[in-house]
Amino acid sequence: MSLDRRRGGQPPAGSDSTFGDLFYPLYGWLFGEESDFVQNVEKKLAQARMADNVELFLSRALGIGVIAGLALWLLGMFLGFLFVQLFVSPGSTLIGIPIPESIGPIVDMLKAPALILVTGLFFGSIGFAFGFGSLVSIPYFRANAREREINVLLSDSISFMYALSVGGLNQLEILRSMAQADDTYGEVSKEFQSIVLETEYFDTDYRTAIRNQALETPSDDLSQFLTDMLSIIDSGGDMTDFLEDQKDKYMRTAKQEQEKLLDTLELFGEMYMTLSLFPLLLIIILVIMSMMGEAQTELLYGTVYGLIPLIGVGFLVLTSTVTQDSVGDGYLRPSGGDDFTVEEGIGVFNPGLVAEYTGEYSVFDRIKRREGTNEFMEILRAPHIFFRDHPRLVLVITAPITALVLIGAVVTDNAPLSIQGMIARPVYGTFIWVYVPLYINFIPLAIFYEWNVRSRRAILGNLSENLRKLASANDTGMTLLDSLKVVADTSSDKLATEFDTMYSKVKYGTDLKSALREFNNKYHIPRLARTVKLISEAQEASSQIQNVLSTAARASENQDDIDRDRVTRTRMQMVIIIMTYLTLLGVMALLKLQF
C-alpha cells in the first residue's frame, strides 16, 4: 500500500492529531517522497497492527524529539556554563594543544562560548535522538513481539487447519475458521482475520488477500506458508495433502527451535555461573584485606547490596528476552458470539448470576446469603485448598503478619532504624528489614502458586498416551464420545476421570464441544487449549478423526520431550551452581573462623 506523501505544506486530509500537524512541515522537509526509512516505518506500522498514518506518526516523533532536544540543549548549556565558571580561566588549556601567543586572546575570548555551545549541542543531540528514537522504535518492538508469537503458534495453527481440511471444509471455510480461533491461536488468527476482512469488506478475491497478507505479515515463516498455500490454490492441488506436509515440516521446525532455545539457556546458565563467581571472589579478597588492616568497607557493601543483585536481575532479564512464553490464557470462548467471562472470583465476593436478581425476588436474596455462607464454611474447612485455588490471596494474611512482626521488632528495639545501626549490625539488620518480609510473604505465595500450577498441569501427565488411545479407538470405527468412554474405563489417571465426566455430561444433554470447552477451562493451560480446540473443531466435521488425534498426540509427545530435556539440563545447571556457591561460602566461613 502506498500513501500520498507530500514534501511540505499541509498534512493529510482528515487528520486529527494537532501535535503531529504542528511538526508536519518539518517531516516534509526532512524526508523525501520515496524515503526508504518512511517506507520501512510504514511497513512496521502495518506489521504491528498500529492504525497510525506514517506521516503523522513520524511528525509526532519529530515533535517529541525536538522538545526533548530543546530541553536537554538548555540543560547542556547550563552545565557548560557551570563548567566554564568553575574550571575555565583565561590562559588555561583544555586539551593540551599549544596556542600561538598571537591568537591567544582570540582563543580565550571564544573558548567559553564555544564550550557552552558544544555542550548544548551534544546534550541536545542526545535528547532528540532519544525522543525521536523511542517513539519510532515502538512499531519495531511490537512487530517483533507479534513475529515471535506467530512463530511459536504456527505449528499448532497448521495442525488446526489440517484438522479442518480432514473434516471436509473447503479453503474459504478453513480461512474463516482460522480467523475465528483467536482465543487459541492469537496473532496467527489475527493474520487470517485480515485476509477474511479484506475479502468481505474490500471486494478482494481471497487469492489476492492471501498474497497481500504474505507480504505484510511480520513472520517470514508464515509468509512462506501463505505463499506455498497460494501456489496450491492456484494450481488446484490437494489442500489436505499440502497441510499434512506443512504440518510435519513445521512440527520438526518447532522442535529444532525448542532445542536451540535450550542450548541458548544452557549457555546463559554457564555464563551466569562464571560471572556470579566474581562477586564471591571479590568478597573473599576484601575480607582478607580487612584482616590485614586495609579494610574496604564501602566496596564490600557495594558488592553485597549492589553487584550481586544486579547480576541476578541482569541474567533474569536476559533469559526472559529469549524464553518463549506460553501464549494465551488457556481459556476457550464459545462460538457464535455468546458471552463468556472468566470465572475466577470467590463465591463470597462474586456470587455470579444470582447477583443480577437480588433485590427483585426474595428467593434470590436467600440463595445469595446461603451461597455466601456455604462458601465461607468451605474456606474454613479446607483453607489450604482455598489458597491453592487462589494463591495470591495468601498475601491478605501474610502482609498483616509481616507488618506486625516489623512493628514488634521496632517496639522491642530489635530492628536498626538508622544507617549507623545497619552498619553496626549489617547481617541482622538486613535479615530483619529484607529477608523477614520476603520469607513471610513469598514463601507461602510460592508454595501455593506452585501447588496451583502443578495441580492443573497434572492433567498433562498422560495426555500423549491417552491421545494415542483415543486415536486407536477411533480408528476402529467408534465415535469420539465412545472412544472417550473406552479410554476412561481402561485408565486410572486424572485425565481419564475427566473423560468419564465429559461422557456423563454428554449423556445428560450437553453437546460434546461444550463439554470439551468446560473441561479445558477448568485447567486453562495454553498447551491443553490448543489440543482441545483441535479435537473439538475436528469432531464437529467428522466422527472419524484418528489422523487428527494422532497429530495432536505427536505434537504433545514433542512438547513432552522438550520439557524433559529442559528439566534435565536445568537440574544439572542448578547442581553445579549450588555446589560452587557452597564451596565458596565454605571458604569464607573458614576465613571467618580461623582468622
Side-chain angles (χ1 to χ4, degrees), residues 1-80 114 116-150 187 190-191 193-194 197-198 201-202 204 208-209 211-220 222-223:
M1 66 184 69
S2 62
L3 297 175
D4 180 20
R5 300 192 185 91
R6 302 158 181 80
R7 190 163 183 81
Q10 299 299 321
S15 64
D16 56 356
S17 174
T18 304
F19 186 74
D21 295 346
L22 183 63
F23 289 91
Y24 183 79
L26 179 61
Y27 161 83
W29 180 70
L30 288 176
F31 301 107
E33 296 180 358
E34 299 298 332
S35 171
D36 293 336
F37 174 73
V38 175
Q39 292 178 1
N40 192 27
V41 172
E42 183 180 24
K43 181 179 179 181
K44 290 299 179 182
L45 286 171
Q47 292 179 349
R49 304 181 76 87
M50 296 174 61
D52 292 86
N53 181 284
V54 64
E55 298 170 332
L56 292 179
F57 179 79
L58 289 176
S59 298
R60 288 195 298 270
L62 288 171
I64 293 175
V66 168
I67 293 174
L70 287 175
L72 286 187
W73 174 72
L74 293 175
L75 177 62
M77 296 278 284
F78 177 71
L79 293 177
I116 295 174
L117 180 62
V118 170
T119 306
L121 290 176
F122 176 74
F123 277 85
S125 300
I126 293 177
F128 176 81
F130 179 77
F132 178 76
S134 60
L135 186 60
V136 171
S137 64
I138 292 176
Y140 286 84
F141 284 122
R142 292 186 181 179
N144 289 337
R146 294 192 67 240
E147 178 185 11
R148 178 177 175 178
E149 181 173 336
I150 289 171
E187 295 298 335
K190 291 181 181 179
E191 297 295 288
Q193 287 177 8
S194 299
L197 292 176
E198 189 171 354
Y201 294 101
F202 295 98
T204 305
T208 303
R211 184 180 298 109
N212 293 339
Q213 196 60 35
L215 296 174
E216 189 174 285
T217 180
S219 171
D220 294 335
L222 180 57
S223 177

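Index from 1, following the sequence.
Atom CG of residue Asp52 and atom OG of residue Ser59 lie 11.5 Å apart, to the nearest 0.5 angstrom. The CZ atom of Phe130 sits 11.5 Å away from atom CG of Leu135, with the distance rounded to the nearest 0.5 Å. One distance of note links NZ of Lys190 with CD1 of Ile150; it measures 10.0 Å at 0.5 Å rounding. Taking CD from Glu147 and CG from Leu222, the interatomic distance works out to 10.5 Å, rounded to the nearest 0.5 Å. To the nearest 0.5 Å, the span separating CG on Leu58 from CD on Glu42 amounts to 9.5 Å. Distance CZ/Phe23 to CD1/Ile67: 5.0 Å, rounded to 0.5 Å.
Between the side chain of Ser223 and the backbone N or O of Ser219 there is no donor-acceptor pair closer than 3.5 Å. Without hydrogens or angle criteria, Thr217 side chain to Ala214 main chain gives no donor-acceptor distance under 3.5 Å.
Between Glu149 and Arg146, no side-chain nitrogen of the basic residue sits less than 4.0 Å from a carboxylate oxygen of the acidic one, so the salt-bridge criterion is not met.
Environment of CZ in Phe37: crowded, with over 12 heavy atoms of neighbouring residues, nucleotides or ligands closer than 6.0 Å. In this structure, Tyr140 places its OH atom where more than 12 heavy-atom neighbours from other residues, nucleotides or ligands lie under 6.0 Å away.
Listed here is the closest heavy atom pair of Leu45 and Val54: CD1-CA, 3.8 Å. Considering all non-hydrogen atoms of both residues, Pro218 and Ala143 come closest at CB-O, 3.7 Å. Contact detail for Val136 and Ala61: the closest heavy-atom pair is CG2-CB, 3.8 Å. Across all non-hydrogen atoms, the minimal contact from Ser134 to Ile138 is O-CG1, 3.5 Å. Between Ala48 and Pro139, the closest heavy-atom pair is CB-O, 3.6 Å. In terms of heavy atoms, Leu79 sits closest to Phe123 at CD1-CZ, 3.9 Å.
The salt bridge (charged side-chain N to carboxylate O under 4.0 Å, His left out) check on Arg142 picks up nothing, with sequence neighbours excluded. By the side-chain contact (heavy atoms from CB on, under 4.5 Å) test, Leu74 is found to be paired with no residue, residues two or more places apart in sequence or in another chain being considered.
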Requested in this report: May I have the step-by-step check of side chain to side chain contact (heavy atoms under 4.5 Å, CB included) for Leu70 and Phe128, ending in yes or no?
Outcome: CA-CA 8 Å; Leu70 287 175; Phe128 176 81; over 6 Å; no
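When Glu191, Glu187, Glu216 are each tested for a salt bridge (Lys or Arg N to Asp or Glu O under 4.0 Å) with Arg49, only one passes: Glu191.
Tyr27 and Phe31 have tilted rings, their planes meeting at an angle from 30° to 60° on a 0 to 90° scale.
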